[in-house]
Q: 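Please read through the structure below; I'll follow up with questions.
Each ligand, and each atom within it, is numbered from 1 in the order the structure gives. Sequence positions, counted from 1, serve as the residue numbers for this chain.
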Amino acid sequence: MNYKIALIRGDGIGPEVVTEAVKVMDAVGQRFGHTFDYTDVLLGGCATDAVGVSYPEGTAEACKACDAVLLGAVGGPKWDGRPAEQRPETALLAIRKDLGLYANLRPATLRPALADACPLKKETAEKGIDLMMVRELTGGIYFGKRDRYDTEDRGVEATDLMAYSEMEIERIGRRAFELARLRRKSVASVDKANVLETSRLWRSVMHRLAEEYSDVEYRDVLVDNCAMQLVKDPGQFDVVVTENMFGDILSDEASMITGSIGLLPSASIGDTAPGLYEPIHGSAPDIAGQDKANPIATILSVAMMFRYSFDLPNEAKAVEEAVDAVLAEGWHTADFDGQGDAIGTKKMGDLIAAKI
Ligand code: NAD
């Protein structure tokens, strides 16, 4: 098969990690008989430098012409404090919305070779961590109306509106239940229904879905309790589904308990192609251009692309197994410990591609 992939290399370490992921994709293509055609697409600080805006016209169209999008990372101090249309994060929010990517999937898996990197108690880590955080990505407080105004007696006041519709809740809920069916058949839905009206609506829609997906175990978890349970006993979770802001915070917490930020992939998907795949880390300006970045999160994002956009589970497994095999031999980049000296970005990419 032939697949078209848009590459958004981005800023900082983005171009370095995308180059290694492409190396691994090409190795998969060779082994399994696929071809991948790449189109470079401009977005982020590099786009501001090149054409004056972080989200150039034509970027969304170029992505829509492809089967999937792979993104390195965008942002950096150079563009902080610029007007909105020049800031890299504006472009990220806009492309997710324009591609209709309402579901963000972030697996938090403790890789066997890296159990020692888990900051939790040994007996907790030994139970294993393998959860999938499903975060609603295009609604809620991050997209609601915001305002700032003067008051007579309290100085300036600001508001952010959190709104959710049944449609938005139902489509993300269905994603979570469908994913659970492919995993350990358990969904935890996280809300704050003891306080928030949006959460009460969220909970009622989830309960309706839970009846429909009666083969999947279901429970409600309050967001504060979820934050505690993630450090106390993360092994209890399979699929965790939640709204945008709760998911933003909880998914970072879930990633920290599995060790290095350089290891964790993510997928953002909607009802139509293309999905967008990216590491969870940022552009790491402190190590950019030094061959120090860990490319594994981006390489594992490619595995998610194979599984969720191309329905190629064997190819996805081949990538994951190659990563585990290289880590099991003790190879590591400078962001975590292993046997011997740390290796660079390129060598890590070479080793993983060779294992494919
Ligand atoms: P960051 O993830 O870029 O870096 C945090 C720390 O982790 C740094 O010390 C960095 O060196 C290290 N790190 C990150 N990725 C690594 C990797 N692959 N290998 C080894 N070490 C790695 O987060 P930050 O410093 O808060 O943000 C830097 C810039 O990235 C900011 O401009 C921010 O807006 C942007 N950002 C972009 C995205 C995205 O593109 N999706 C996400 C988060 C942050």
Q: Can you check atom 5 (C) of ligand 1: any protein non-hydrogen atom closer than 4.0 Å?
A: no

Q: Please identify each residue that fulfils side chain to side chain contact (heavy atoms under 4.5 Å, CB included) with E85, with sequence neighbours left out.
A: V53, P83

Q: For G75, take its heavy atoms, then give the atoms of ligand 1 lying under 4.0 Å from any of them.
A: 32 (O)

Q: Looking only at protein heavy atoms, which one is nearest to atom 2 (O) of ligand 1, and what is the separation?
A: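 Answer for atom 2 (O) of ligand 1: G282 N, 2.7 Å.
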
Q: Please indicate whether E157 has more than 12 foreign heavy atoms, meaning atoms of other residues, nucleotides or ligands, lying under 6.0 Å from its CD.
A: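 Enclosed: over 12 neighbouring heavy atoms sit under 6.0 Å from CD of E157.
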
Q: I need the nearest protein heavy-atom contact for atom 41 (N) of ligand 1: residue, atom name and distance, please.
A: E278 OE1, 3.2 Å

Q: Would you mind listing which atoms of ligand 1 come within a distance below 4.0 Å of any non-hydrogen atom of G76?
A: 32 (O)

Q: Hey, which atoms in ligand 1 end up nearer than 4.0 Å to a heavy atom of A73?
A: 40 (O)

Q: Considering only protein heavy atoms, determine whether one is less than 4.0 Å from atom 27 (O) of ligand 1.
A: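 Under 4.0 Å from atom 27 (O) of ligand 1, zero protein heavy atoms found.
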
Q: Hydrogens and angles aside, do E16 and T19 bring a side-chain donor and acceptor to less than 3.5 Å of each other?
A: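 No - no donor-acceptor pair under 3.5 Å links their side chains.
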
Q: Looking only at heavy atoms, what is the nearest atom pair of L137 and F143, with distance?
A: O-CE1, 3.2 Å

Q: Would R307 and E320 satisfy salt bridge (Lys or Arg N to Asp or Glu O under 4.0 Å), going step by step from the backbone distance to the final call?
A: CA-CA 11 Å; R307 184 170 283 123; E320 289 157 356; 2.9 Å; yes

Q: Show the atoms of ligand 1 that are less than 4.0 angstrom away from any heavy atom in L92.
A: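 Within the 4.0 Å cut-off of L92, ligand 1 contributes 39 (C), 40 (O), 41 (N).
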
Q: Treat each ILVMFWY residue as a node, draw an edge where side-chain heavy atoms are under 4.5 Å apart, and state whether L71 and V22 are in one component.
A: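 No, L71 does not connect to V22 through the hydrophobic network.
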
Q: Give the atom numbers and elements of ligand 1 that come within less than 4.0 Å of a heavy atom of I261.
A: 2 (O), 7 (O), 13 (N), 14 (C)

Q: If Ile, Leu, Val, Met, Phe, Trp and Tyr residues are connected whenever their side-chain heavy atoms lie under 4.5 Å apart, and connections chain through other members, are L7 and I269 in the same group?
A: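 Yes, it is one cluster - the side chains of L7 and I269 are joined through contacts under 4.5 Å.
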
Q: To check your reading of the model: name the closest protein heavy atom to atom 9 (O) of ligand 1, its residue, and the distance in Å.
A: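 Result: D286 OD2, 3.0 Å.
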
Q: Is the shortest N/O to N/O distance between N294 and ligand 1 below 3.5 Å?
A: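 Min N/O separation from ligand 1 is below 3.5 Å for N294.
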
Q: Below 4.0 angstrom, N of the basic side chain to O of the carboxylate: do R171 and E166 qualify?
A: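 Answer for the salt bridge query: no.
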
Q: Suppose we measure from atom 25 (O) of ligand 1 to each protein heavy atom; which comes out shortest, and what is that distance?
A: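 Minimum-distance protein heavy atom for atom 25 (O) of ligand 1 reads P285 CD, 4.7 Å.
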
Q: Below 3.5 Å, N or O to N or O, backbone or side chain included: is there any such pair between S283 and ligand 1?
A: yes

Q: Ligand 1 versus V17, non-hydrogen atoms closer than 4.0 Å: side chain, backbone, both, neither?
A: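 For V17, no heavy atom sits under 4.0 Å from ligand 1.
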
Q: Against heavy atoms of A293, which atoms of ligand 1 measure under 4.0 Å?
A: 19 (N)

Q: Show the numbers, then the answer: is there a salt bridge (Lys or Arg N to Asp or Glu O under 4.0 Å) between K145 and D160?
A: CA-CA 6 Å; K145 192 170 176 295; D160 296 279; over 6 Å; no

Q: Which heavy atom of Q290 sits nearest a heavy atom of D286, and at what distance?
A: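 Where Q290 meets D286 most closely, the heavy atoms are NE2-O, 3.2 Å.
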
Q: Starting from atom 3 (O) of ligand 1, which protein heavy atom do you reach first, and at what distance in Å?
A: A284 N, 2.8 Å

Q: Using protein heavy atoms only, decide if any is under 4.0 Å from atom 11 (O) of ligand 1.
A: yes

Q: Nearest protein heavy-atom contact for atom 33 (C) of ligand 1: which residue, which atom, what distance?
A: V74 O, 4.5 Å

Q: Any idea which atoms of ligand 1 are less than 4.0 Å away from a heavy-atom of I287?
A: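 Numbered from 1, ligand 1 contributes 11 (O), 20 (C), 21 (N).
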
Q: Aromatic rings Y218 and H207: how do their planes relate, parallel, tilted or perpendicular, breaks at 30° and 60°?
A: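 Ring orientation, 0 to 90° scale: perpendicular.
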
Q: Examine the side chains of Y102 and D271 and answer whether a donor and an acceptor come within less than 3.5 Å of each other.
A: yes

Q: Measure from atom 15 (N) of ligand 1 to the protein's non-hydrogen atoms and state whether any distance is below 4.0 Å.
A: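 Protein heavy atom within 4.0 Å of atom 15 (N) of ligand 1: present.
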
